[in-house]
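Each remark here refers to the structure printed beneath this line.
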Amino acid sequence: MDQSIGSYFDEFSVPAEVAAFVDRTIGHFIDGHEIAASTDQIDLIEPFTQGKLTGLASGSAQDVDLAVKAARKALAGPWGKMPPLQRQKLILRLAEALEAETDFFAHLEAIDVGKSISDARTIDIPGAVANLEYFAGWTSKLDGRTTGAVALPGETLTYTVKEPVGVVAVIVPWNFPLQILSWKLAAALACGCTIVCKPSELTPLSAMRLAHLATRVGFPDGVINVVNGFGQVIGQALAAHPGVDKLSFTGSTPVGIAVGKTALDTMKRLTLELGGKSPVIVTDKANLDTAATAILSGIFMNSGQLCDAGSRVYAHASVHDELVERLRVGAKNLPVGPGLDPDAAITPLVSETHRKRVLDHINAAHAEGAVLVTGEPMDGNGRHDGILLPTIFDRCTENMRIFREEIFGPVLGVARFETLDEAVERANSSAYGLAAAVYSENVDETILLARRLKAGNIYINAHGLVDPAMPFGGLGASGFGKDMGPEQLDSFLSTKSVYTQLRN
Ligand code: NAD
């Protein structure tokens with residue numbers, strides 16, 4: 001661990017056990033054990049100090065093969081035969097152990113992602129616990145149907161049986177490493193599947209810790225495996241592996257398309273949760289206090305690294321100026337600092353590469369004629385702590401990159417509209433369809449707009465609400481399939497139809 005990170009840890013009193021967990025080379029977790037990294041390693045960089053935290057295993061297709069074999073073996077072992085209520089108990093034990101380690105995991109996420117430790121404590125970790133708790137309850141309710149056949153002659157008994165789909169590959173991004181893993185893992189475990197997880201090579205720590213916890217609370221070896229390394233190697237090997245039955249991927253749209261194509265070669269079941277460019281409509285009947293507060297959180301929380309970020313605001317002409325002023329003041333007042341600072345809301349982006357990518361979008365907005373309201377000038381602030389200030393542009397149009405492309409950083413675009421028809425048409429003009437938000441105090445208006453907007457998730461007078469009982473997923477370039485909610489269960493289950501011809 002670099003010296004600069006030691007001082008950073010001292011300043012924010014990072015617990016010794018957290019420091020010890022990260023200050024070692026991170027391997028893979030396969031068949032119930034952490035196995036050492038081979039000689040190939042990736043430098044894990046801490047986003048605030050930009051120092052080297054530790055080395056991470058840069059795995060190979062052979063590591064993937066070992067993990068898939070362990071997961072297949074576990075399907076045939078005690079896990080596969082375990083009564084549902086016992087499976088439920090194990091998942092609940094994992095939830096309890098995770099909750100007990102909330103502070104530990106919050107530190108891992110703040111160190112790995114650079115995110116606000118306060119958000120990690122109150123959103124990421126409780127969110128993951130809630131997912132495990134919710135899906136634990138489903139283990140005993142995965143029933144098929146007994147149904148009377150409607151067109152068969154004679155006496156028959158026809159029924160369906162739900163079976164675990166098998167080995168599930170879970171590929172997740174870096175913005176909510178633990179929480180998004182839990183969106184997939186909880187339901188997959190509830191359905192009796194086994195898992196090979198590939199965390200982002202930028203943020204592997206919480207997945208590794210969770211795998212250790214699972215073994216500690218009694219999960220059989222091989223049920224939860226983690227393989228670390230680059231996406232092009234590990235992600236592709238998982239997508240191509242014939243021993244994987246289902247691929248559940250969350251990440252960017254181009255990578256989702258690539259892994260999806262590979263997965264189809266071996267006929268895997270597929271869930272793709274991809275990017276977004278989510279619109280926000282503020283009507284002339286909006287409460288601007290509510291709207292400004294929620295819009296700021298919907299774009300600047302997690303420093304804008306949100307898949308459902310409300311990044312395109314359409315404000316009615318009668319409220320536009322006041323709203324923009326409120327957003328400007330609110331954005332300027334957001335406290336800026338390192339992830340471990342519990343008071344910081346805007347924290348470093350996950351990596352220098354990503355910061356440069358976001359800055360490139362900011363430069364494009366300047367160059368294309370959007371008007372800066374607050375935030376980063378052309379070429380940025382010159383800081384060396386990974387932070388980009390919350391940035392708002394006004395007078396954006398759909399032909400600008402800021403309104404077309406996912407930025408995945410603290411950058412908000414605003415435009416003005418005259419009629420609701422115009423707002424809906426412009427909001428729906430994106431290739432993405434992950435989320436949309438509406439701000440209005442008029443109930444009918446909100447319901448009608450919710451019907452007309454093309455997105456998988458609609459927020460009314462709020463942004464970014466997530467609940468384990470509600471399905472989350474997008475349309476169009478935002479992918480297909482759902483995480484969470486009962487709708488997710490069938491993606492981890494096969495339905496078998498049994499026909500019995502009865503004779504007298
Ligand atoms: P990414 O697509 O670069 O990577 C996602 C995962 O895929 C990582 O684990 C990565 O290592 C792996 N990967 C990368 N290249 C690969 C390849 N060629 N083959 C197989 N796997 C590969 O995305 P990211 O930068 O980690 O995350 C940001 C993106 O994720 C954004 O587009 C964001 O909108 C999206 N996201 C979507 C949701 C959702 O639920 N819809 C949630 C969070 C993030």
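Read the numbers this way: they start at 1 and go in the same order the structure lists the ligands and their atoms. All residue numbers refer to positions in the sequence shown, counting from 1. Bear in mind the structure is a predicted one, so any value in this text is a computation, not a measurement.
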Report the member of [options] with the shortest heavy-atom distance to [atom].
atom                    : options                : result
atom 14 (C) of ligand 1 : G231, C197, G275       : G231
atom 34 (O) of ligand 1 : H354, M484, E406       : E406
atom 18 (N) of ligand 1 : E273, K277, Q236, K482 : Q236
atom 2 (O) of ligand 1  : A477, G456, S252       : S252
atom 43 (C) of ligand 1 : V259, I180, L202       : I180

- Query: Is the side chain of H33 donor-acceptor paired with the backbone N or O of D221 at a distance under 3.5 Å, no angle test?
  - Reply: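 No, because the side chain of H33 does not come within donor-acceptor range (under 3.5 Å) of the backbone of D221.
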Fill in: Neighbour count above 12 (heavy atom, 6.0 Å) for K356 NZ
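No, NZ of K356 has 12 or fewer neighbouring heavy atoms, counting only those of other groups under 6.0 Å.
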More than 12 heavy atoms of other residues, nucleotides or ligands under 6.0 Å from CD of E425: yes or no?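 Count not over threshold, so no.
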Among all protein heavy atoms in this structure, tell me which lies nearest to atom 8 (C) of ligand 1, with the distance rounded to 0.1 Å.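 Here the closest protein heavy atom is V172 O, 3.3 Å.
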Polar contact flag for W183 and ligand 1 (N/O pairs, less than 3.5 Å)
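Between W183 and ligand 1 (N or O atoms, distance only) the closest approach is not under 3.5 Å.
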inquiry  = Just to check, does G256 reach to within less than 4.0 Å of ligand 1 when the distance is taken from its heavy atoms?
reply    =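 In this structure, G256 fails to qualify as a contact of ligand 1 - no heavy atom is under 4.0 Å.
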Check your understanding: Are any of the side-chain heavy atoms of E368 and R401 separated by less than 4.5 Å?
Key ->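 Yes, close enough: below the 4.5 Å cut-off.
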ask   = Counting only non-hydrogen atoms of the protein, does one fall under 4.0 Å from atom 4 (O) of ligand 1?
value =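 Neighbour list for atom 4 (O) of ligand 1 is empty of protein heavy atoms (cut-off 4.0 Å).
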